2 protein chains.
Amino acid sequence: MKWDELKTEPCSVARTLSVIGEKWTILILRECFRKNTRFDGFEAALGLPRAVLSARLKTLQEDGVLEKKINPEHAGRFDYILTKKGRDLRPVLLTMLAWGDQYMMDKPTMIVKHTLCGCDIVPELYCPKCQNKLEAEETRVVEVTQSSPL
Amino acid sequence: MKWDELKTEPCSVARTLSVIGEKWTILILRECFRKNTRFDGFEAALGLPRAVLSARLKTLQEDGVLEKKINPEHAGRFDYILTKKGRDLRPVLLTMLAWGDQYMMDKPTMIVKHTLCGCDIVPELYCPKCQNKLEAEETRVVEVTQSSPL
DNA sequence: ATATTTAAGTTCAAAAAATGAACTTGTCAA
DNA sequence: TTGACAAGTTCATTTTTTGAACTTAAATAT
């Protein structure tokens, strides 16, 4: 497989990477989730070259993850806003956050709150039936089409 | 920030990317989860250049995600095995799988089974208190140290 | 015992991508 | 109407990736 054929691979992980797998992309999305929505905001927060930022914002729009909107009180200034498809990437970033918090930080840095009930959330997967937290070994991916299991 | 300073950023997402954010890395891990554990197995499954594969396997070992083990019944052949730290990346891949299944596939390709109770799992985040599935908007990350919220 | 194949790499030149600085264009504010 | 700022583009340099050929060691076949 070639890297630029990811989008047509028979694997959902590969196809997701075709959208968020380029250098800097996930960090740009992190800024969007933080409501940092402008070109120079991304640049200031991340320090990436403008040409790369420009290219990433373009493909994220093409992939339907971000929408470019004219800033209401300032034409010639733009906001890059997450679409539903983009907001639905939040679990990906939250699981990365949880893993990084556990393994890459001296001490935990984050608490995730559920805004409906106010409780603390461990961004882990739970079994909807028995309610147990899923350990790494306790899930099995079953193939339903031609795609390879995980 | 420079890309190679990710590891010291005050953000768990950034630090996680320092481990899994390079080109091909997540796909190599996907193969490990599929029990494809050998150098030429990675090469055959992914078609990436050997030099890149070699470099990625080295850093994954340095980061404690993979262990290189001599194949018991075949010296001079090696298995790259996920450590606990590596297996704990499974939720990251599962959330990517779920997103890709929803947005990048013609029809769903995967069912995730809980091996303890046998039920189907939607790899989404659930609230441990009210048991509701968390929608994108319903979580809030609260800062506990100097790190920026998500 | 020797030759061949296979696995797991390394090396290196060419191509592609990222980087950083300078330049452009369109608003807004003084 | 001048100056500053936001949002880019352009382009030369550096870094990374790629793909092919080469290396080394162990297993297998002759």
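Remember, it's a predicted structure, so these values are computed and weren't measured experimentally. Chain letters run A, B, ... following the sequence lines, proteins first, then strands; residues in each count from 1.
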note = Between B/Glu73 and A/Trp3, the residue closer to the 5' end of DNA chain D by nearest nucleotide is A/Trp3
request  = Identify whether any heavy atom of B/Phe42 sits under 4.0 Å from a base atom; if not, whether one sits that close to sugar-phosphate; answer base, sugar-phosphate or nothing.
outcome  = nothing
Does the side chain of [X] get closer than 4.0 angstrom to OP1 or OP2 of [N] through an N or O atom?
X	N	value
B/Ser54	C/dT10	yes
B/Tyr80	C/dG9	yes
B/Arg56	D/dT17	yes
A/Lys2	D/dT18	no

ask   = Looking at C/dA8, does its base get a donor-acceptor pair with the side chain of B/Arg50 below 3.5 Å?
value = yes
I need the [atom1]-[atom2] distance between [X] and [N], as an integer number of Å.
X	N	atom1	atom2	answer
A/Arg77	D/dC5	CZ	C1'	8 Å
A/His74	D/dA4	NE2	C1'	11 Å
B/Lys58	C/dA8	NZ	P	16 Å
B/Ile70	C/dG9	CD1	P	11 Å
B/Phe78	D/dA25	CZ	P	11 Å
B/Asn71	C/dG9	CG	P	13 Å
A/Glu5	C/dA16	CD	P	14 Å
A/Arg38	D/dG8	CZ	P	11 Å

inquiry  = Go nucleotide by nucleotide along DNA chain C from the 5' end; which of A/Trp24 and A/Gly76 gets its closest nucleotide reached first?
reply    = A/Trp24
inquiry  = Judged by each residue's nearest nucleotide on DNA chain C, which is more toward the 5′ side, A/Val52 or A/Ala75?
reply    = A/Val52
request  = Run the salt-bridge test on A/Arg50 and A/Glu43 with the 4.0 Å N-O cut-off and return the result as yes or no.
outcome  = yes
Salt bridge A/Asp4-A/Lys2, side-chain N to carboxylate O under 4.0 Å = no
Go through [options] for me and flag the one nearest to the [X] side chain.
X	options	value
B/Lys68	C/dG9, D/dA7, C/dC12	C/dG9
B/Ala51	D/dT18, D/dG8, C/dG9	D/dT18
A/Asp40	D/dT17, D/dA7, C/dG9	D/dA7

request  = Mind telling me whether B/Trp24 and A/Trp3 have parallel, tilted or perpendicular rings, with 30° and 60° as the class edges?
outcome  = perpendicular
query = Of B/Lys85, B/Lys7, B/Arg56, which is the lone residue that meets salt bridge (charged side-chain N to carboxylate O under 4.0 Å, His left out) with B/Asp63?
reply = B/Lys7
request  = Report yes or no: do A/Val52 and B/Leu6 belong to one cluster of Ile/Leu/Val/Met/Phe/Trp/Tyr joined by side chain heavy-atom distances under 4.5 Å?
outcome  = yes
